[in-house]
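Quick notes on the structure that follows.
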Amino acid sequence: SQTIHQWPATLVQPVGSPLSLECTVEGTSNPNLYWYRQAAGRGLQLLFYSVGIGQISSEVPQNLSASRPQDRQFILSSKKLLLSDSGFYLCAWSQGRYGYTFGSGTRLTVV
Amino acid sequence: DAKTTQPTSMDCAEGRAANLPCNHSTISGNEYVYWYRQIHSQGPQYIIHGLKNNETNEMASLIITEDRKSSTLILPHATLRDTAVYYCIVRSPNTGNQFYFGTGTSLTVIP
């Protein structure tokens, strides 16, 4: 069966520090992968998606970047975090017309 | 992708049916209606999806009007664990089309 792993679950980082969040999928090949962010009390905002290795599409201009070094690995990064980068970050993979399966999320607090 | 309109919040008594409406008047012919829910501090969970016929699974029923401009998610016997934000999304199943989440309906099941 397919599973999606996302870590860490929580993270507190100072302003100006780098960020690396990792997401991996098991049990499938060539998945579409996604990063979403949810600010406190807000809806989910699509940040990046990838349809293959090295292929990244950005939905909104921001302080973050994404990479897909392997078929089932998706990484969200920042060189210097801002206070506004705080939020709940979710990775997801696509099951075609059956929709998305989401990871358990990372709650990032930038202090 | 077509936009959807949902009430901001709803209450439902425990044990009663919860009927969550969604308007999607600009839906196109190949777009499916998907429902997800997000329990606090967790990733969204897939509930059900449909194209034009009513659908039922172990979690819920989806009723889509004949003109497909609106739909209703029905939780037949709401429990306290069904308290969550429910998202209605319309999307075509083509590869590369993304899920765009609105703010959803916050359902509170009352004991």
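In what follows, chains carry the letters A, B, and so on, assigned in the order in which the sequence lines appear, proteins first and then strands, with residues in each chain numbered from 1. Quick caveat: nothing in here was measured; it's all calculated off a predicted structure.
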Tell me, for E59(A) versus chain B, whether the close heavy atoms (under 4.5 Å) come from the side chain, the backbone, both or neither.
-> side chain

Checked G43(B), P44(B), G104(B) vs chain A; the most non-hydrogen pairs under 4.5 Å come from P44(B)

Apply side chain to side chain contact (heavy atoms under 4.5 Å, CB included) to the pair Y100(A) and Y36(B), showing each step before the final yes or no.
-> CA-CA 9 Å; Y100(A) 290 8; Y36(B) 282 76; 3.6 Å; yes

Taking only residues two or more places apart in sequence, or in another chain, which ones meet Y36(A) in a ring pair (Phe, Tyr, Trp, His ring centres under 6.0 Å)?
-> F102(A), F101(B)

Go through the atoms of Q38(A) and report whether side chain, backbone, both or neither lie under 4.5 Å from a heavy atom of chain B.
-> side chain

Which bit of S106(B) is near chain A, if near means a heavy-atom gap under 4.5 Å: side chain, backbone, both or neither?
-> neither

Determine whether I75(A) and L46(A) fall in the same hydrophobic cluster, where Ile, Leu, Val, Met, Phe, Trp and Tyr are linked whenever their side-chain heavy atoms lie under 4.5 Å apart.
-> no

Hey, what else clusters with I63(B) if you join Ile, Leu, Val, Met, Phe, Trp, Tyr whenever side-chain heavy atoms sit under 4.5 Å?
-> I74(B)

Separation between CD of Q45(B) and OG1 of T101(A), rounded to the nearest 0.5 Å | 10.0 Å

Less than 4.5 Å apart, any side-chain heavy atom of Y34(A) and any of F99(B)?
-> no

Kindly work out whether a path of hydrophobic side-chain contacts (I/L/V/M/F/W/Y, heavy atoms less than 4.5 Å apart) joins Y34(B) to L51(B).
-> yes

Tabulate, in ascending numerical order, the residues of residues 76-92 of chain A having at least one heavy atom closer than 4.5 Å to a heavy atom of chain B, or enter 'none'.
-> F88(A), L90(A)

Please answer: with hydrophobic residues joined when any side-chain heavy atoms are less than 4.5 Å apart, are L64(A) and V15(A) in the same cluster?
-> yes

What's in the same ILVMFWY side-chain cluster as V12(A), cut-off under 4.5 Å, chained through other members?
-> V111(A)

Does any non-hydrogen side-chain atom of S104(A) lie less than 4.5 Å from one of Q42(B)?
-> no

